[in-house]
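The structure appears below as structure tokens.
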Amino acid sequence: MAKESLNSEETTAMLHLVADAIIAAEPLLSQADRDLGDGDHGIGMARGMNAAKEALAAGGFSTVDEPLVATGKAMMSSMGGASGVVFGTVFRGGKELKGSNLLDSPGLAKWLQSAADGVMKRGGAKPGDKTMIDALVPAAEKAAEVQSLSLPEAVTAVADAAEAGKEASKAMIATMGRAKTLGEKSVGFPDAGALSMTIIFSTMRDYICS
Amino acid sequence: MAKESLNSEETTAMLHLVADAIIAAEPLLSQADRDLGDGDHGIGMARGMNAAKEALAAGGFSTVDEPLVATGKAMMSSMGGASGVVFGTVFRGGKELKGSNLLDSPGLAKWLQSAADGVMKRGGAKPGDKTMIDALVPAAEKAAEVQSLSLPEAVTAVADAAEAGKEASKAMIATMGRAKTLGEKSVGFPDAGALSMTIIFSTMRDYICS
Amino acid sequence: MSLTQKKLINDPLNVADELLDGLVDAYDGECVKVGRRSIVKSNIPDNKVALLVGGGSGHEPIYHGLVGRNLADGAACGDIFAAPTPDIVLEATQAVNKGNGVLFLYGNYAGDVMNFDIGAEDAEDEDIDVRTVLIWDDVCSAPPTEKEKRRGIAGLVPIVKMAGAASQTATSLDQLEAAAKKIVLQTRSVGVSMSPGSIPATGMPTFNIDADKIGLGMGIHGEPGVAEIPMTTADELTPMMLDLIFKDFTEDPEVESLKPGDEVVFFVNSLGSTTMMECLICLKKAKQFLNERGVTIYDTMVGPLVTCQEMSGISFSVTRLDDELKSYWNPACESICYSKMETITA
Amino acid sequence: MSLTQKKLINDPLNVADELLDGLVDAYDGECVKVGRRSIVKSNIPDNKVALLVGGGSGHEPIYHGLVGRNLADGAACGDIFAAPTPDIVLEATQAVNKGNGVLFLYGNYAGDVMNFDIGAEDAEDEDIDVRTVLIWDDVCSAPPTEKEKRRGIAGLVPIVKMAGAASQTATSLDQLEAAAKKIVLQTRSVGVSMSPGSIPATGMPTFNIDADKIGLGMGIHGEPGVAEIPMTTADELTPMMLDLIFKDFTEDPEVESLKPGDEVVFFVNSLGSTTMMECLICLKKAKQFLNERGVTIYDTMVGPLVTCQEMSGISFSVTRLDDELKSYWNPACESICYSKMETITA
Ligand SMILES: Nc1ncnc2c1ncn2[C@@H]1O[C@H](COP(=O)(O)OP(=O)(O)O)[C@@H](O)[C@H]1O
Ligand SMILES: Nc1ncnc2c1ncn2[C@@H]1O[C@H](COP(=O)(O)OP(=O)(O)O)[C@@H](O)[C@H]1O
Ligand SMILES: [Mg+2]
Ligand SMILES: [Mg+2]
Ligand SMILES: [Mg+2]
Ligand SMILES: [Mg+2]
């Protein structure tokens with residue numbers, strides 16, 4: 001039964017599923033990073049998500065920002081690498097929802113806007129640089145656009161936007177991160193971090209819509 | 001037409017053929033050393049025999065000991081490794097024939113006895129240690145035994161004895177050289193240096209008997 | 001040879017922590033482990049301007065092997081090929097800080113910059129003065145006009161060697177920062193790779209390359225470089241690599257061209273399984289190349305100091321010296337990565 | 001990863017000569033090439049008791065990389081995996097001799113012994129005093145009662161380090177010979193290998209080993225050791241190797257057992273493509289093992305110093321120190337193979 005909004009417990013449950021999905025996708029993510037980078041993206045994300053699960057399991061969250069921020073902090077302090085900061089920043093963007101008892105469509109839009117701004121500010125990459133930003137920014141923009149829709153509708157649109165962004169990243173030339181100078185040889189492969197973004201959003205969608 | 005004895009020119013020609021045969025057998029000899037040792041025996045022997053060919057081509061030999069000793073010196077000063085000294089010593093054993101105009105069956109026996117004594121004295125190995133001595137000593141003993149026979153008959157017997165010695169080395173346990181501690185695992189493979197000895201003697205036989 | 005490198009490890013997910021413990025052991029008390037995964041000298045003098053290095057693990061003996069006598073004061077170590085977390089950076093910074101500030105000196109990778117920057121912000125919240133000098137010696141990773149996009153590769157060893165010496169006498173963080181910037185500016189590298197290393201946790205190679213190809217300009221994680229060229233000889237490849245370094249000194253408006261009379265520290269690095277034999281054969285040709293251009297080798301470094309597991313490949317690094325930089329090069333130093341006695345000067 | 005290591009060389013039959021030229025270049029004038037294939041220090045003081053090392057090439061940075069400050073005075077270098085010829089040994093001996101005799105210090109291999117012995121005889125014909133001390137640290141190559149059958153492996157690095165220091169102050173060949181014998185007697189090693197290196201001239205591996213096996217006690221050319229055991233972890237293998245070293249000290253009547261309070265130099269060597277990461281992980285376990293037995297590590301060496309091309313594997317070497325040996329260990333030294341600063345003593 002689709003959920004119109006999530007309380008902190010449901011948000012926590014959803015993040016557990018997100019973590020499991022990323023951990024399960026480790027070989028896929030590592031392969032994607034092998035094509036363009038140094039092949040460790042899946043390992044790093046799995047390390048971060050295992051730490052996140054521990055933090056989530058510790059529980060004690062009263063508002064929806066808390067499990068989001070706990071996830072981000074756990075990733076930031078366990079992963080290292082580019083994605084530790086980048087994905088840590090994504091989830092820490094949930095601090096915009098401070099005090100909210102429910103995560104709804106406008107909340108989703110707020111969180112993702114903060115996430116996208118934070119990542120771009122921290123890492124200096126822009127859309128088109130073939131990073132996870134190419135999945136995150138379209139997702140954030142879509143979330144803003146659809147914030148009047150129901151949460152299931154909104155998150156479905158967001159997941160689709162991220163997916164389209166990840167697909168679009170295939171045609172881009174990598175310039176950031178480990179893949180810096182692959183240049184034109186990077187064309188045809190999706191960015192590993194963008195792939196992670198799509199797994200995160202599609203898992204959220206599946207939880208919210210089910 | 002079989003040769004009853006060799007003058008210094010014929011001895012030189014024979015040694016050229018010996019060198020060519022060893023050079024051609026490089027992969028075989030390296031493989032044999034790979035089975036028991038460090039895999040470089042063929043390379044070393046080829047290096048020595050190429051140096052020997054240069055020394056032989058320089059020529060100017062008046063007695064049969066001279067091309068033998070020149071071959072030995074060239075090997076000794078170009079090869080290094082165990083086999084540089086060992087095979088250098090074998091050919092330098094030809095100094096026993098100092099002043100001889102002809103290499104005949106008794107001369108062959110004298111040379112090989114000196115060669116065998118020299119190698120054993122220098123390296124401390126004895127028959128049964130799974131070295132080229134296991135081909136050389138039977139060959140030297142056979143040469144002494146058959147010194148009243150014609151040179152073609154004698155060298156044929158010597159080559160057979162070396163071959164039998166090499167075959168017998170398969171059953172031995174290596175204790176010397178690079179293969180020192182293979183121990184029982186060395187059983188079944190012939191010693192690389194013994195293989196070289198048989199190629200040397202069979203090439204001599206082919207030259208003398210043809 | 002088997003297809004997959006057989007590695008002597010325990011838990012493949014735990015190699016970074018275990019190797020750091022081993023590294024601390026290797027220092028026999030001279031260094032201690034600090035926080036989650038930093039290594040720090042045990043006896044940093046009060047008021048010393050501190051030098052902190054760091055980066056991902058898996059490239060041993062760098063980065064953490066560069067902590068030592070007349071070298072770095074500490075290193076913040078990440079997991080295999082991953083920058084250290086901000087927490088680790090902060091812990092290392094707190095430990096090396098002796099009241100006169102900390103210079104961060106590390107390779108320019110997105111992950112490292114982000115994590116070290118957050119660590120620096122956290123340290124500044126605690127009133128620790130932090131400056132950052134990035135190492136960007138890989139001339140194949142971006143044009144000289146976009147140095148901010150360049151990677152840090154093997155040049156970091158001579159750079160940290162000299163910055164370490166500079167830090168012994170620096171009286172302010174300003175002074176050390178200026179010295180490090182100058183050393184970095186004069187250091188340029190080019191790398192090549194013939195085959196990948198593998199990630200301990202997955203056993204998988206970090207990249208693929210055809211059996212008959214060399215990656216020219218490839219980075220230390222196998223980041224592709226300027227071209228894939230057919231496998232060739234040491235004597236053919238060496239001038240191609242050095243040409244790229246000379247070209248960079250020429251094209252970069254921030255430095256003079258390499259010219260007759262220049263003196264350099266020259267470093268031939270193996271990326272892992274490339275043998276010292278090969279490094280020396282390349283060095284022979286390189287020295288000839290430099291001689292022909294009137295450039296003198298003041299000192300030579302050679303060996304597998306900046307590796308990527310069992311990757312094969314080499315890099316050349318050139319640091320042009322002036323009297324100031326010589327004064328940083330000459331002193332003895334000691335660490336697991338690189339040691340030398342004091343240079344004998346005539 | 002490709003099956004055959006791609007090597008950066010020129011003529012595969014000429015690698016030994018080229019690498020020696022490169023090595024001489026690496027020394028920046030401190031050493032020169034002598035004769036066919038020797039490397040010798042340029043400034044050996046008159047009357048110094050000389051120390052000559054040597055052996056086959058292909059194991060870089062040893063043997064010839066051990067010539068240097070407070071180390072060996074020269075090295076006689078053979079072709080790949082082949083002892084130097086007697087002529088080369090003689091040329092090196094003539095060059096290092098400064099009137100007070102020459103100590104030959106090298107690994108116990110049939111080929112080396114025969115060639116060095118002939119070289120020694122030739123040198124004695126020229127009235128140069130020569131003594132020989134063989135290195136036989138590999139405890140897996142023969143029982144303690146048959147030391148004359150033992151091979152020399154990685155222990156040669158600490159041995160040459162200490163003998164080099166001893167040679168600086170030795171006033172007679174007798175004295176240096178006695179010191180070297182004492183150092184050798186206290187040095188014991190055990191090696192393992194997981195995969196072979198390849199010979200440059202043939203491109204072929206030096207031996208074969210199953211993908212799931214480790215050769216325990218294997219020599220640096222892949223000479224088989226005491227057993228082939230299933231591939232295992234660093235923590236399982238390390239005690240097995242150290243047990244063999246402890247057992248040897250116990251069973252050899254010529255030395256005391258390793259006992260609580262003993263101080264040792266401990267060396268973890270990589271045979272080539274085994275990473276520093278792995279060496280450090282093994283070192284962690286080894287230190288724990290030694291600690292449990294009350295044996296203190298006085299100093300640690302770690303790295304790929306005695307290699308066999310891209311072979312994978314490690315060895316441990318233990319040298320037990322007394323005050324005399326410490327006095328040989330403490331001084332600084334510098335070479336392409338191994339450098340250190342003077343040990344700080346409390
Ligand atoms: N500056 C940046 N901004 C946003 N995302 C980035 C940036 N740099 C790298 N990334 C993302 O991080 C991913 C790589 O992560 P990972 O492999 O874990 O780290 P590393 O590059 O340190 O090995 C890339 O695929 C990309 O999506
Ligand atoms: N002490 C010895 N006496 C006689 N022959 C020996 C001795 N040691 C080694 N050999 C011979 O040398 C051969 C190995 O030669 P080679 O591979 O060229 O040298 P290395 O052992 O130095 O690699 C062995 O097969 C053996 O026949
Ligand atoms: Mg990566
Ligand atoms: Mg051999
Ligand atoms: Mg990485
Ligand atoms: Mg050999």
Side-chain angles (χ1 to χ4, degrees), chain C residues 1-10 15 18-19 21-23 25-26 28 57-58 60-61 65 69 194-196 198 200 205 211 231 233-235 237 272-284 287 297-300 302-304 307 309-310 312 314 332-334 336 339-341, chain D residues 1-10 15 18-19 21-23 25-26 28 57-58 60-61 65 69 194-196 198 200 205 211 231 233-235 237 272-284 287 297-300 302-304 307 309-310 312 314 332-334 336 339-341:
Chain C
M1 194 160 62
S2 57
L3 266 171
T4 309
Q5 182 85 0
K6 292 189 229 171
K7 296 196 179 179
L8 279 177
I9 56 177
N10 299 305
V15 289
E18 290 190 43
L19 79 87
D21 287 342
L23 185 69
D25 287 343
D28 301 311
S57 298
E60 289 67 35
R69 291 165 72 184
M194 284 85 72
S195 65
S198 59
M231 182 65 197
T233 62
D235 282 358
L237 183 66
S273 63
T274 289
T275 59
M276 192 71 137
M277 171 187 88
E278 293 159 85
C279 292
L280 293 169
I281 290 174
C282 292
L283 172 60
K284 171 179 156 79
K287 177 141 186 182
I297 298 182
Y298 182 80
D299 211 345
T300 305
V302 55
T307 69
Q309 300 288 307
E310 72 279 19
S312 77
I314 59 163
C333 66
E334 185 176 87
I336 294 301
S339 305
K340 75 183 279 286
M341 288 173 69
Chain D
M1 194 160 61
S2 56
L3 266 170
T4 310
Q5 181 85 2
K6 292 189 226 170
K7 295 197 180 180
L8 280 176
I9 56 176
N10 299 304
V15 289
E18 290 189 46
L19 79 87
D21 288 343
L23 185 69
D25 287 344
D28 301 310
S57 299
E60 288 68 33
R69 292 165 73 183
M194 285 85 72
S195 65
S198 59
M231 182 66 197
T233 61
D235 281 358
L237 184 65
S273 63
T274 290
T275 59
M276 192 72 136
M277 171 188 87
E278 293 159 85
C279 293
L280 292 170
I281 290 173
C282 292
L283 171 59
K284 171 180 156 77
K287 177 142 187 182
I297 298 182
Y298 183 79
D299 212 344
T300 305
V302 55
T307 69
Q309 301 288 307
E310 73 278 19
S312 76
I314 60 163
C333 65
E334 184 176 86
I336 295 301
S339 305
K340 74 182 281 285
M341 287 173 70

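Below, each value reflects all heavy atoms present in this structure, side chains not excepted, and no hydrogens, waters or symmetry copies. Every chain is numbered from 1 and lettered A, B, ... according to where its sequence line falls, protein lines coming before strand lines.
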Would you mind telling me which of [options] has the largest number of heavy-atom pairs within less than 4.5 Å of chain D?
options                     : answer
C:Ile336, C:Ile314, C:Asp25 : C:Asp25
C:Leu283, C:Val15, C:Asp235 : C:Asp235
C:Ile281, C:Leu237, C:Leu23 : C:Ile281
C:Leu19, C:Thr300, C:Leu8   : C:Leu8

As an exercise, state the distance from [atom1] of [X] to [atom2] of [Y], rounded to the nearest 0.5 Å.
X        : Y        : atom1 : atom2 : answer
D:Ser273 : D:Gln309 : OG    : CD    : 11.0 Å
C:Glu18  : D:Cys282 : CD    : SG    : 9.5 Å
D:Gln5   : C:Glu310 : CD    : CD    : 9.5 Å
D:Met341 : C:Lys340 : CE    : NZ    : 10.0 Å

Contact winner vs chain C - D:Glu278, D:Glu60, D:Met276, heavy-atom pairs under 4.5 Å: D:Glu278
Top contributor to chain C contacts, counting heavy-atom pairs under 4.5 Å, from D:Ala234, D:Gly303, D:Ala332, D:Gly272: D:Ala234
Counting only heavy atoms closer than 4.5 Å, note whether [X] contacts chain D via side chain, backbone, both or neither.
X        : result
C:Ile297 : both
C:Pro61  : both
C:Met231 : side chain
C:Ser339 : both

Check: C:Ser195/C:Ser312 side-chain N/O donor and acceptor closer than 3.5 Å: yes
Side chain, backbone, both or neither of D:Lys287 within contact of chain C (heavy atoms, under 4.5 Å): side chain
Check: D:Met194 main-chain N/O paired with C:Lys6 side-chain donor or acceptor under 3.5 Å: yes
Test log, rule side chain to side chain contact (heavy atoms under 4.5 Å, CB included), inputs D:Met277 and C:Thr307: CA-CA 10 Å; D:Met277 171 188 87; C:Thr307 69; over 6 Å; no
